2 protein chains.
Amino acid sequence: MTAEQNPAPRERDRAPKQDRSRATRQRLLEAAVACLAEHGWAGSTVAVVAERAGVSRGAAQHHFPTREDLFTAAVEYVAEERSTALRDLFPDGPADRRAVVAALVGLYTGPLFRAALHLWVAASNEDQLRARVTELEARVGRESHRIAVELLGADESRPGVRETVQGLLDMARGLGLANLLTDDTARRERVVAQWAELLEQALG
Amino acid sequence: MTAEQNPAPRERDRAPKQDRSRATRQRLLEAAVACLAEHGWAGSTVAVVAERAGVSRGAAQHHFPTREDLFTAAVEYVAEERSTALRDLFPDGPADRRAVVAALVGLYTGPLFRAALHLWVAASNEDQLRARVTELEARVGRESHRIAVELLGADESRPGVRETVQGLLDMARGLGLANLLTDDTARRERVVAQWAELLEQALG
């Protein structure tokens, strides 16, 4: 920012404070996802995340009063970041289907999916978490579906197209699971190539 | 067993003891899968399972010296039971593809999948468990693939067929995940119907 662009003094005082608060929040969210991916739900507390983010525990609790608040917000934040990154990969909309399928599957094979998986599985046994994660999963799922339809150039008014795309995203989730304990990259690339071809035929 | 079929006295003494031991083992394995599905890895100990199975803790530890032994054996045992049940559903081999796809997907939407998922996710953070579960997953995965190829009447010598079947099993796993927190039956049935049709075209 050059001197000419500096805002008026009062605005300047407020802006850096807001920026710092936003930056702290972001550091906490990113640390929370990394923590969940590496240590699972049992090893992920607000205190552990605060330390990892280099933020005081009080500041962490100011932003996220409960453990559930922090981790559901974290998975949602990173899911949004990934969606934006995915759209940015294909700025002109519908693209080569094999590239799109590979990119969609990529959403489910990194640390975000690992973190989300830990949260889902923990939610299946913890009532407090369950409602929050169910709602989050539905929201993230709808957004992934929207992006997939858009980038695949799929016409959902045609019978079966909606279910074709849904099945593809289910497959992507299953490929994420298969990558949890071992590096499944080589097999996954062959499956992606083949299913991209099946999709090409199905979507026309 | 009628009187005429009774074995000789010495054999008779041994047989009931073996039967009792086998029955105890089986009760432990079934209780272990149910426990894992309901309470997750953190809530699943040998003691909890022994109590659920109505078996003394000493007897449980005689059969399964460690917690890892018990739970990996349990998931493998139930997976084998499910494979046998699946083959029994289609005794004449290759069958109607929609029915086969639905049955394959069914493997991943019940308590066994839920139990296996807890074990996988725990294994991703626990080194002791990781090697055992990785090996188990590979074995169970190969067997599922074999059954799928057989019942779908898929000719794997044709290019792409192997990957088509693999992708289908990945989709089944993803559908299992989508059923973890909510009852996804209605959506799943539509996806299965559509992909069974696409598979029909792909497999010829």
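Quantities reported herein were computed from a predicted structural model and do not represent experimental measurements. In what follows, chains are A, B, ... by sequence order, proteins preceding strands, each numbered from 1.
Smallest separation of non-hydrogen atoms from Ala178(B) and Asp170(A): CB-OD1, 4.2 Å. Taking each heavy atom of His118(B) and Asn125(A) in turn, the nearest pair found is CE1-OD1, 2.7 Å.
With a 4.5 angstrom heavy-atom cutoff, Ala37(A) touches chain B only via backbone atoms. Contacts of Leu169(B) with chain A are absent, with no heavy-atom separation under 4.5 Å from either backbone or side chain. Looking at Leu199(A), the atoms closer than 4.5 Å to chain B (heavy atoms on both sides) all sit in the side chain, from C-beta outward. In this structure, no portion of Ala42(A) lies under 4.5 Å from any heavy atom of chain B. Contacts between Leu198(A) and chain B at a heavy-atom distance below 4.5 Å involve the side chain alone, from C-beta outward. Val133(A) touches chain B through backbone and side chain together, each having a heavy atom under 4.5 Å away.
Here CD of Gln166(B) is found 9.5 Å from CG of Leu175(A). Values are rounded to the nearest 0.5 Å. Atom-to-atom distance recorded for Thr164(B):OG1 and Glu197(A):CD is 8.5 Å, nearest 0.5 angstrom. The line from CD of Glu38(B) to OG of Ser124(A) is 11.0 Å long, rounded to the nearest 0.5 Å. Atom CZ of Arg162(A) and atom CZ of Arg187(B) lie 9.0 Å apart (nearest 0.5 Å).
Of the residues Leu180(A), Leu117(A), Val121(A), the one that meets the side-chain contact (heavy atoms from CB on, under 4.5 Å) test with Trp120(B) is Leu180(A).
Between Trp195(B) and Trp195(A), the ring center distance clears the sub-6.0 Å criterion.
Residue-environment remark: CD (Glu126(B)) exceeds the threshold of 12 foreign heavy atoms within 6.0 Å. In the displayed structure, Glu150(B) atom CD is contacted under 6.0 Å by more than 12 heavy atoms of other residues, nucleotides or ligands. Within 6.0 Å of the CD atom in Glu51(B), the count of heavy atoms belonging to other residues, nucleotides or ligands does not exceed 12. For Arg98(A), the CZ atom is loosely surrounded, since the number of other residues' heavy atoms within 6.0 Å does not exceed 12. Heavy atoms from other residues, nucleotides or ligands lying under 6.0 Å from CZ of Arg87(B) number more than 12. Other residues, nucleotides and ligands contribute more than 12 heavy atoms inside 6.0 Å of the CZ atom of Arg139(B). The environment of CZ in Arg52(A) is crowded: more than 12 heavy-atom neighbours from other residues, nucleotides or ligands sit within 6.0 Å.
Ranked by heavy-atom pairs shorter than 4.5 Å toward chain A, the options Gly167(B), Gly174(B), Gly40(B) are led by Gly167(B). Most heavy-atom pairs under 4.5 Å with chain A: of the set Leu177(B), Leu168(B), Thr134(B), this distinction falls to Leu177(B). When each of Gln194(A), His39(A), Glu137(A) is checked for heavy-atom pairs under 4.5 Å with chain B, Gln194(A) comes out on top. If you tally non-hydrogen atom pairs under 4.5 Å between each of Arg188(B), Arg190(B), Gln201(B) and chain A, the highest count goes to Arg190(B).
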